[in-house]
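First up is the structure itself, then whatever we jot down about it.
In what follows, chains carry the letters A, B, and so on, assigned in the order in which the sequence lines appear, proteins first and then strands, with residues in each chain numbered from 1.
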2 protein chains.
Amino acid sequence: MARKKLDEIRPEQGDDAAARRTPMREFSRSLPMSLLRAREAVMRQFRPSLRNHGLTEQQWRILRALTAVDEIEVTELARVAFLLGPSLSRILRDLEGRALIERKAAENDARRAVVSISAKGLKLIEAVAPTSEVIYAAITRRYGARKLAELQEMLGALEASLAGMGSAGDAEAEADE
Amino acid sequence: MARKKLDEIRPEQGDDAAARRTPMREFSRSLPMSLLRAREAVMRQFRPSLRNHGLTEQQWRILRALTAVDEIEVTELARVAFLLGPSLSRILRDLEGRALIERKAAENDARRAVVSISAKGLKLIEAVAPTSEVIYAAITRRYGARKLAELQEMLGALEASLAGMGSAGDAEAEADE
DNA sequence: GGAAATCACTTAACATGTTAATCATCTCCC
DNA sequence: GGGAGATGATTAACATGTTAAGTGATTTCC
C-alpha cells in the first residue's frame, strides 16, 4: 500500500524545463515538513524577543517550566520541557552559572538532582512574559481562537495515534514484544 | 489582552503537593510545544529506518528533494528542503564526499553552485523509500487519511496567517518599513 | 569602466539534537 | 552485606540550528 512510486517522485527526469516548473510539490506536502514549517513560522515570532533577553528557545522552555513548580527533579523537567537529558544537562549548567536556577541533591537519593528557579530567574521571566503574551495573542487573533484550539486537539490526537507504534526499522525490531 | 497572568502560571507556590499534582499544564499546551511534540512523534517513526541506511533526517530531505529535479541551485535547494544555508553547506560537503551528490558551477554565474543526485544517491533513495512509504502509510491509516489532509491544510493556513507578521521584538524593529 | 553595493555561498562560533558511553549511586537478591 | 544489575545524571562525539562574519563574483550606477 505504498503511497507513491519512485517514478512518480521523480517525473520527467532529463526534462529541465518541466522539472524546474514543479519543484518538489509532493515532498513539500509531507507531514514532517508541514509540521516543521508551521512550528518555524510560530517560533520566528518569538525568537527575537527571547534573544533580546539573552535567552534561547530551550532556555526559555526550562525557566517557563520551573515557574510552575516549587522544585522538580531533572528527569521530570526533561519530560515537561521536552528536552533530551544531554541537552538539559548542558543548559542547566549554563543557567546555574548565570544564577537563574538553583540545584541541589535530592534528600533520599544522591543520584537525583532537584532544580528550582531563582529570584533572578523569576525576575527575568517577568520581564519576558508580557511580550510573549502579546505575540501569542496576536497569533491567536490572526489564526482564530477556535481554529487554534482545534489544531491543538488534532496535534494531540496525532501524538496519541502514534504513541504505540514501535518504530519497526527495516529488519530489526519486534524482537522484544 | 494578555492570555494569562504570571500568578496563574505559577499557582500555589510553596505547596509542594499541589504543584506536583499538576506539573505545567498550561505550558504543555502552548502551540510551539504541541507542534514540537507532534513532529517528534512522527519523526520517531522514521529515524530508525533512516539510521539503518546511514542517513540523518536532513540528509534524507536533501536527497529526497534532489530526486524531484534534474539539477538545482543551492539556494533553491535550501528553500525546498527547508534548511538554512550553513546547515546545507555542511551537509552538501558530506554528501559530496560520500559521492551521493554531484556539484558544479552554474554556467552564467560563478557564484552559484548547481547540485544533482548521483547514481549512487539514487540507489540509496530506492533502498530507503519503500520502508518510508510503509511507515507513512501506517501513520495515515492510524490517524485517518481525511483527518491527516485536514491537519495539513490547517498547518498550511497557520503558516499563511503568520507570513506577514513582522517579529516586533521588544523595542526595536519597525524601523525599516 | 570602476568603486560601492549586492548576491551566493562558505566559515566561524556557539547552542542544541541525538545516540552511546561513563560514573556514581541504589536496589535487589542471594 | 556484598556483588550484579538497574537507575539518574553527566560526558563524549558527531550532526544540525542559528546568527554573524568572510570571500568571491556580479550588478548598479555614477
Quick test: give all pairs of protein nitrogen or oxygen and nucleotides 6-8 of chain C nitrogen or oxygen below 3.5 Å, distance rounded to 0.1 Å.
unit_1	atom_1	unit_2	atom_2	d
C/dC7	O4'	B/Arg111	NH1	3.4
C/dC7	O2	B/Arg111	NH1	3.2
C/dA8	OP1	B/Arg112	NH2	3.1

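- Residues passing the salt bridge (charged side-chain N to carboxylate O under 4.0 Å, His left out) test with A/Arg90, sequence neighbours excluded: none.
- At whole-Å resolution of the value, CD1 in A/Ile91 and C1' in D/dT10 are 14 Å apart.
- As a whole-Å value, the separation of B/Leu55 CG from D/dC14 C1' is 15 Å.
- The interatomic distance linking A/Leu84 (CG) with D/dT10 (C1') rounds to 14 Å, in whole Å.
- Not counting sequence neighbours, A/Glu150 has no partner by the side chain to side chain donor-acceptor pair (under 3.5 Å) test.
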Write down the protein N/O and nucleotide N/O pairs, taken from nucleotides 11-13 of chain C, whose separation is under 3.5 Å; answer none if there are no such pairs.
unit_1	atom_1	unit_2	atom_2	d
C/dA13	N6	B/Arg90	NH1	3.4

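- Closest to the side chain of A/Arg47, out of C/dT10, C/dA15, D/dT18, is D/dT18.
- For D/dG17, neither phosphate oxygen OP1 nor OP2 lies less than 4.0 angstrom from any side-chain nitrogen or oxygen of A/Gln58.
- Between B/Thr56 and C/dT18 there is no side-chain N or O to OP1 or OP2 distance below 4.0 Å.
- The two residues A/Leu155 and A/Leu35 come nearest to each other via the heavy atoms CD2-CD2, 3.7 Å.
- For A/Ala138, the side-chain contact (heavy atoms from CB on, under 4.5 Å) test picks out A/Arg141, B/Met165, with sequence neighbours left out.
- In this view, A/Gln58 satisfies the side chain to side chain donor-acceptor pair (under 3.5 Å) rule with no residue, not counting sequence neighbours.
- Remark: A/Asp109 engages A/Arg111, A/Arg112 in a salt bridge (charged side-chain N to carboxylate O under 4.0 Å, His left out) (not counting sequence neighbours).
- Under the 4.0 Å criterion applied to side-chain N and carboxylate O atoms, B/Arg93 and B/Glu96 are not assigned as salt-bridge partners.
- Residues A/Arg64 and A/Ile125 come closest through the heavy atom pair N-CD1, 3.9 Å.
- The interatomic distance linking B/Leu50 (CG) with D/dA15 (P) rounds to 15 Å, in whole Å.
- Under the side-chain contact (heavy atoms from CB on, under 4.5 Å) criterion, A/Glu40 pairs with A/Arg44, A/Arg47, B/Phe82, not counting sequence neighbours.
- Distance, A/Leu88 CG to D/dG8 P: 14 Å, rounded to whole Å.
- Residues passing the salt bridge (charged side-chain N to carboxylate O under 4.0 Å, His left out) test with A/Arg51: none are found, sequence neighbours excluded.
- Atom CG in A/Leu83 sits about 10 Å away from atom P in C/dT18, given to the nearest Å.
- Scored by the salt bridge (charged side-chain N to carboxylate O under 4.0 Å, His left out) test, A/Glu102 finds no partners at all (sequence neighbours excluded).
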Produce the list of close N/O pairs, under 3.5 Å, pairing protein atoms with atoms of nucleotides 2-5 of chain D; give distances to one decimal.
none

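- If you take CG of B/Leu77 and P of C/dT10, they are 11 Å apart, rounded to a whole angstrom.
- Put simply, A/Arg51 has no side-chain N or O that comes within less than 4.0 Å of OP1 or OP2 on D/dG17.
- Rounded to an integer number of Å, the gap from A/Leu36 CG to C/dG17 P is 14 Å.
- Residues forming a side chain to side chain donor-acceptor pair (under 3.5 Å) with B/Arg98 (at least two apart in sequence, or on another chain): B/Gln59, B/Asp94.
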